[in-house]
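A short worksheet on the structure shown next.
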Amino acid sequence: MNIFVAKLNYDTQEADLESSFAEFGAVDSAKIIMDKFTGRSKGFGFVEMPNDDEAQNAINALNDTEMDGRTIVVKKAEPRESRDSRGGGNRGGGFNSRY
DNA sequence: GGTGAGCGT
């Protein structure tokens with residue numbers, strides 16, 4: 001599951017997110033969005049976890065928590081394929097809903 | 001050199 005992490009510290013790196021999410025579950029990969037020109041962190045990143053249950057647990061656990069001295073926001077990531085163009089109509093998680 | 005809602009090289 002892709003996890004969207006915002007309000008991150010500008011000095012926070014991918015290893016910090018991976019370590020924070022790894023303590024709640026298996027983390028496949030973590031990425032911090034950085035500027036292409038300045039090379040600095042944009043303040044948000046993405047964490048990919050293979051287990052959806054652990055991902056939800058990590059979101060609930062790390063959401064609105066303190067990381068590197070800054071309160072971060074952890075939410076489910078939206079498919080960036082449908083972010084800009086291509087209106088699918090379905091939004092808010094068009095994945096395999098178990099509900 | 002700074003900032004602080006929001007979804008990616």
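None of the values given here were measured: they were computed from a predicted structure. Every chain is numbered from 1 and lettered A, B, ... according to where its sequence line falls, protein lines coming before strand lines.
Taking all atoms of both residues into account, the shortest heavy-atom contact from A/M67 to A/L8 is SD-CD2, 3.7 Å.
For the pair A/F4 CZ and B/dG4 C1', the computed distance is 12 Å after rounding to whole Å. Following rounding to the nearest Å, A/K42 (NZ) and B/dT3 (P) show an atom-to-atom distance of 19 Å. Regarding A/E14, its CD atom lies at a distance of 12 Å from the P atom of B/dT9, rounded to whole Å.
Closest to the A/K7 side chain, of the nucleotides B/dT3, B/dA5, B/dG2, is B/dA5. Taking the side chain of A/A77 as heavy atoms from C-beta on, and the options B/dG2, B/dA5, B/dC7, the nearest nucleotide is B/dC7. Distance from the side chain of A/A6 is smallest for B/dG6 among the nucleotides B/dG6, B/dG2, B/dT9.
With hydrogens and angles ignored, a donor-acceptor pair closer than 3.5 Å exists between the side chain of A/N2 and the base of B/dG8.
When the side chain to side chain contact (heavy atoms under 4.5 Å, CB included) test is applied to A/F24, the partners found at least two apart in sequence or on another chain are A/A58, A/A61, A/L62.
Base contact: A/L8 has a heavy atom under 4.0 Å from a base atom.
Residues of residues 58-75 of chain A having a heavy atom closer than 4.0 Å to DNA chain B, listed by number: A/V73, A/K75.
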* Asked: Would A/N63 and A/V73 count as a side chain to side chain contact (heavy atoms under 4.5 Å, CB included) if you check the C-alpha gap in whole Å, the side-chain angles of each, and the deciding distance to 0.1 Å?
  -> CA-CA 5 Å; A/N63 186 18; A/V73 178; 4.0 Å; yes
* Can A/M49 and A/D28 be said to form a side chain to side chain contact (heavy atoms under 4.5 Å, CB included), step by step? -> CA-CA 5 Å; A/M49 299 181 69; A/D28 185 67; 5.9 Å; no
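Listed by chain and number, the hydrophobic cluster partners of A/Y10 come to none, as no ILVMFWY side chain reaches under 4.5 Å of it.
Remark: A/K36 is not in phosphate contact with B/dG8, judged by side-chain N or O atoms under 4.0 Å from OP1 or OP2.
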